Protein chains: 2
Amino acid sequence: MTLNTSGYLPHIAYDSVIFGFSGEKLKILLIEYHNTGWLALPGGFVKVNEPLDEAVKRGLRERTGLDQIFLEQFYTFGSLERVKPEIMKKILTAHDKDISDDHWLLDRFISVGYYALIDYDKVEPTPDALSDSINWYDVDQIPELLFDHNFIVKKALDHLRTHLDEKLLSVNLLPERFTMKELQQVYEAILGEKLNRANFQRKMLSLGILDRHEKLYSGGSHKAPYLYSIKKKG
Amino acid sequence: MTLNTSGYLPHIAYDSVIFGFSGEKLKILLIEYHNTGWLALPGGFVKVNEPLDEAVKRGLRERTGLDQIFLEQFYTFGSLERVKPEIMKKILTAHDKDISDDHWLLDRFISVGYYALIDYDKVEPTPDALSDSINWYDVDQIPELLFDHNFIVKKALDHLRTHLDEKLLSVNLLPERFTMKELQQVYEAILGEKLNRANFQRKMLSLGILDRHEKLYSGGSHKAPYLYSIKKKG
DNA sequence: TACTATTGTTTCAATCAGAAACAATAAACT
DNA sequence: AGTTTATTGTTTCTGATTGAAACAATAGTA
């Protein structure tokens, strides 16, 4: 028989890898726990009568203020090594709570990994109750994270790379309208390699899902690029 | 606080889609619950101190007798609609158990989906404690299943199709040594379409991961095909 | 008006993929 | 033994796709 007075499902968590793109770099959001300096992925728990997807959306909404964002599940982590109750206890006591040794947060957890793609400039990251801060970090300079979170980031990046071409996934990292160069920079940041400009343009246009709009006169002394957007269905 | 006298983690289950190949058809294993006629995927629960992957392997071992098999996680199902406590209750009472209304099996569950690829001829399917029988069903003739299991099968097939080419995944459905024709039949069964023989052979050989062995003299009045196996690393 | 930086497009060659033809061969049949 | 048949292994031809470079257009600057 199962009792749980917290209102959350025990043993089940989620961790979210939130990708943004800025300054030609791919970045993710990391939180820092109160008074510990420990970094981790933003995560959370599932309410007793809440769909899993909804729980993750709720966490994203609270931390980014965004509601309609690209979100996808990529893997569920269920090993025993990932669980470190003594660390969890330190986090909770650093938060200056009175924690009993059988608190539900000290149990073993299975965590569902999600990744989100968001428009960096639309976000004002907000820390949650347990964390001091939430900040962007370059994906190629991720420091040591708690638990198995470095591994989770790696899996998320793998998944993102292999699914990059599906319906121009990557545009979720850009504003509504973008130049071909920006799109290529997103691809290059995710794949970690330079792409040929002419072939990239040919490939993107051949997908037939981009609308071309007015030109963007940036003031540079050169030809102005077109702006593009994803073609609306219908 | 969480109490659970069953020895299993509450709220967490797995469902396995076990693929086999026989008679040029792709098949999966389904169980039939005691005295109900209801069909479902073979699934199970995770022990309190057991890795998730290990729990799934344990279930496969008990039902197929096989130990070293290809097994991969593909999605975690966490909606609320998938939960049907009244059906679960009927299954348990049909098993003629005395079930209280707060039994842990009647709670809401999140289920991790795995698929396995096994050599059909090596398996003697064995029903578990709750099921009358376990049998093979053609994937293109799956009857109505309990809960969201039809959806889970669909997701598993999608995943299998899109990952089919990775390291010749499909050979896990065949014996150690196989002919090129058998391999092509597996591909065709999974993809649900006919492939060009010459191009298929060229593509498989170009991967450079097949060893060619002696010919297979089947007695037919025609050229004997070579046998192949996956190249061992090193 | 020439110059520069960047963008959009075209061209050329190399590679890959689909379809058909060709070659080889194990057994059966005369 | 020679012929036939079914199937397998390979090659060839063609068209499509991809990679790299050249070419063309253009917004601002000198």
Side-chain angles (χ1 to χ4, degrees), chain A residues 21 23-24 161-162 164-168 170-171 174-175 177-231, chain B residues 21 23-24 161-168 170-171 174-231:
Chain A
F21 179 74
E24 303 184 28
R161 281 182 181 140
T162 56
L164 189 52
D165 279 339
E166 293 170 11
K167 294 174 203 152
L168 265 186
S170 52
V171 294
L174 291 170
R177 297 196 174 189
F178 48 87
T179 65
M180 195 58 79
K181 183 174 195 175
E182 289 171 328
L183 186 58
Q184 182 172 348
Q185 285 173 336
V186 170
Y187 260 75
E188 291 176 341
I190 292 174
L191 296 175
E193 60 180 326
K194 290 289 174 194
L195 302 174
N196 179 286
R197 188 176 60 87
N199 297 333
F200 182 81
Q201 173 129 346
R202 180 171 57 189
K203 178 178 161 187
M204 291 301 118
L205 293 180
S206 76
L207 292 176
I209 57 174
L210 288 180
D211 278 330
R212 179 178 280 183
H213 303 285
E214 76 282 12
K215 291 188 173 183
L216 172 68
Y217 293 85
S218 60
S221 60
H222 50 73
K223 191 172 178 179
Y226 290 107
L227 286 172
Y228 297 88
S229 68
I230 287 285
K231 195 169 281 181
Chain B
F21 179 75
E24 303 184 28
R161 281 181 181 139
T162 55
H163 292 85
L164 189 51
D165 279 339
E166 293 170 12
K167 294 174 205 154
L168 265 186
S170 53
V171 295
L174 292 170
E176 175 80 12
R177 297 196 174 190
F178 48 88
T179 65
M180 194 59 78
K181 183 175 195 175
E182 289 171 328
L183 185 59
Q184 182 172 347
Q185 285 173 335
V186 170
Y187 260 76
E188 290 176 341
I190 293 174
L191 296 175
E193 60 180 326
K194 291 287 174 196
L195 302 174
N196 179 286
R197 189 177 60 87
N199 298 333
F200 182 81
Q201 173 128 347
R202 180 172 55 191
K203 179 178 160 187
M204 290 302 117
L205 294 180
S206 76
L207 293 176
I209 58 174
L210 289 179
D211 278 331
R212 180 179 278 184
H213 303 285
E214 76 281 12
K215 290 187 172 183
L216 173 68
Y217 293 86
S218 61
S221 59
H222 50 75
K223 190 173 179 178
Y226 289 107
L227 287 173
Y228 297 88
S229 68
I230 288 284
K231 195 169 281 182

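Keep in mind the model is a prediction, meaning the values are calculated, not measured. The chains referred to below are lettered A, B, ... by the order of the sequence lines, with proteins before strands, and numbering in each begins at 1.
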Quiz item: Which residues satisfy the ring-ring contact (aromatic ring centres under 6.0 Å, His included) test with B:F21, sequence neighbours excluded?
Solution: none

Quiz item: What pairs of residues pass the salt bridge (Lys or Arg N to Asp or Glu O under 4.0 Å) test when at least one of them lies in residues 206-216 of chain A, not counting sequence neighbours?
Solution: A:R177-A:E214

Exercise. Determine the minimum heavy-atom distance between B:L205 and B:Y228, stating which atoms define it.
Key: CD2-CE2, 3.9 Å

Self-check item: Inter-residue atom distance B:I209.CD1 - B:L168.CG, 0.5 Å rounding
Solution: 4.0 Å

Quiz item: Between B:Q185 and B:K181, is any pair of side-chain heavy atoms under 4.5 Å apart?
Solution: yes

Quiz item: Relative to the 5' end of DNA chain D, which residue comes earlier, A:Y217 or A:N196, by the nucleotide with the nearest heavy atom?
Solution: A:N196

Self-check item: A:K231 to A:L210 - nearest heavy-atom pair and separation
Solution: CE-O, 3.9 Å

Practice problem: Output all residues satisfying side chain to side chain donor-acceptor pair (under 3.5 Å) with A:T162, sequence neighbours left out; order by chain, then residue number. | Solution: none

Practice problem: Kindly write out the residues that satisfy side chain to side chain donor-acceptor pair (under 3.5 Å) with A:R202, not counting sequence neighbours, or none if the list is empty. | Solution: A:N199

N/O contacts under 3.5 Å, protein versus nucleotides 8-11 of chain D?
{"residue": "D:dT8", "atom": "O2", "partner": "B:K223", "partner atom": "NZ", "Å": "3.4"}
{"residue": "D:dG9", "atom": "OP1", "partner": "B:Y226", "partner atom": "N", "Å": "2.9"}
{"residue": "D:dG9", "atom": "OP2", "partner": "B:Q201", "partner atom": "OE1", "Å": "3.3"}
{"residue": "D:dG9", "atom": "O4'", "partner": "B:K223", "partner atom": "NZ", "Å": "3.1"}
{"residue": "D:dG9", "atom": "N7", "partner": "B:R197", "partner atom": "NH1", "Å": "2.8"}
{"residue": "D:dG9", "atom": "O6", "partner": "B:R197", "partner atom": "NH2", "Å": "3.1"}
{"residue": "D:dT10", "atom": "OP2", "partner": "B:R212", "partner atom": "NH2", "Å": "3.1"}

Quiz item: the helix from C:dT1-D:dA30 to C:dT30-D:dA1: angle between its terminal axes, five pairs each, to 10°?
Solution: 30°

Exercise. Using ring-ring contact (aromatic ring centres under 6.0 Å, His included) as the criterion, list what pairs up with B:H163, not counting sequence neighbours.
Key: B:H159

Quiz item: Which of residues 184-195 of chain B sit near DNA chain C, with a heavy atom under 4.0 Å from it?
Solution: none

Tabulate atom names and distances for all N/O pairs under 3.5 angstrom spanning the protein and nucleotides 28-30 of chain C.
none

Tabulate below the donor-acceptor pairs under 3.5 Å that side-chain atoms of residues 186-193 of chain A make, not counting sequence neighbours, or state none.
{"residue": "A:Y187", "atom": "OH", "partner": "A:D165", "partner atom": "OD1", "Å": "2.9"}
{"residue": "A:E188", "atom": "OE2", "partner": "A:Q184", "partner atom": "NE2", "Å": "3.1"}
{"residue": "A:E188", "atom": "OE2", "partner": "A:L195", "partner atom": "N", "Å": "2.9"}

What side-chain donor-acceptor pairs closer than 3.5 Å can you find for residues 217-226 of chain A, not counting sequence neighbours?
none

